[in-house]
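Please read the structure below before turning to the comments.
Atoms within each ligand, like the ligands themselves, are counted from 1 in listed order.
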Amino acid sequence: MSTTVKTQTPITQEHIDFYRENGFVKVDDMLTPEELAELREYLEEAMHSEGDRSVNTDKKDGLYYRVLNQKVNVWRDHAGMGKFSFHPRFAQSALELSGAAGIRFFHDHGLWKMPGDSKATPWHQDTPYWPFNEAEAGAMSIWITLDDVDERNGCMAFVPKSHRLGKLKGIDLASPQNIFDYVEGGQTTVQQPVVVPLRAGSCTFHNGLTFHYAHANSTDRPRRVLAIIYVPEGVTYSGAKHVVTDGTGLQTGEPIKGPRFPLLTGAGS
Ligand code: SIN
Ligand code: NI
């Protein structure tokens, strides 16, 4: 068994209770002003680099590009991004919120919501797109904004408690669906969405089962976000196709592990 050293985080018991109850939480000032300036510089460079290890999943002029200009695993082309994508404070915060024994890195992504005919990110759960067997294990995202965000430039909204609906069918992310019809007949009373504006350097965490949405960007500048996906130690690979697991040699049914998916904090098996 390997273990990692505990790091100080801004997470309070109130954050933990809110996250577990509602499936998301806002955490102010996750980054210091110095870290924010450094991250802006590195992520700008990473998003504009021609490196061939990260994956730009959306082609300019493609339908989905209007929703997101997304680059997956920017850390693989920009060494500076390792400091943020593997940041112990972010991972330790995820550990405390989720209650997992250990937290592994699954992937990072730069999420630029581009100006000009911008589309909202439709309501969806993340879990249906991840190649994990244990949908309820608590895989989650941190979403750190490099810009102040509100409804005008792509802030997020969440449906409280929707993580309790369990894993539903994936939604077509290029064509919006009314999830309030979609989850009709679900086991829980679906709640009103909560819109979460944020200051630059602040973040949200959300459970992969929580329904979330991001507004279109009606300003003339990109909305710049770094998101990192964390997977609890012990979660196993389902074998489903996914851009970060394809070609890594992971075997169906084995725990997510190996050099692309390091244990960031907590106890490993
Ligand atoms: C977005 O940044 O627009 C969406 C992020 C997400 O779906 O987690
Ligand atoms: Ni999502």
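Protein heavy atom nearest atom 5 (C) of ligand 1, with residue, atom name and distance: Trp143 NE1, 3.5 Å. Residue, atom and distance of the protein heavy atom nearest to atom 8 (O) of ligand 1 are His212 NE2, 3.2 Å. Of the protein's non-hydrogen atoms, Thr121 CG2, 3.7 Å is the one closest to atom 4 (C) of ligand 1.
Residue Leu111 has at least one heavy-atom neighbour below 4.0 Å for each of these atoms of ligand 1: 2 (O), 5 (C). Atoms of ligand 1 lying under 4.0 Å from at least one heavy atom of His206, given by number and element, are 8 (O). Here is the list of ligand 1 atoms found below 4.0 Å of a heavy atom in Ala214: 1 (C), 3 (O).
Between His87 and Phe84, the ring-plane angle classifies as tilted under the 30° and 60° cut-offs. Ring orientation note: the planes of His124 and Tyr129 are nearly perpendicular, at an angle over 60° on the 30°/60° scale. The aromatic rings of His107 and His242 sit tilted, their planes meeting at an angle between 30° and 60°.
At least one heavy atom of Leu68 sits less than 4.0 Å from an atom of ligand 1.
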Exercise for the section: Applying side chain to side chain contact (heavy atoms under 4.5 Å, CB included), run through Phe261 and Leu250 and close with a yes or a no. Expected result: CA-CA 11 Å; Phe261 313 107; Leu250 268 178; 3.8 Å; yes
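Between the side chain of Arg66 and the backbone N or O of Gly116 there is at least one donor-acceptor pair closer than 3.5 Å. Looking only at distances, a side-chain donor or acceptor of Arg164 sits under 3.5 Å from a matching main-chain atom of Glu21.
Comparing heavy-atom distances from atom 2 (O) of ligand 1 across Lys113, Arg223, His215 singles out Arg223 as nearest.
A chain of hydrophobic side-chain contacts below 4.5 Å, direct or via other Ile, Leu, Val, Met, Phe, Trp or Tyr residues, connects Phe90 to Tyr42.
Vertex the Ni ion (ligand 2), arms ending at NE2 of His124 and OD1 of Asp126: the angle is 100° after rounding to 10 degrees.
Among the heteroatoms counted here (N, O or S) of His212, NE2 is the one nearest to the Ni ion (ligand 2).
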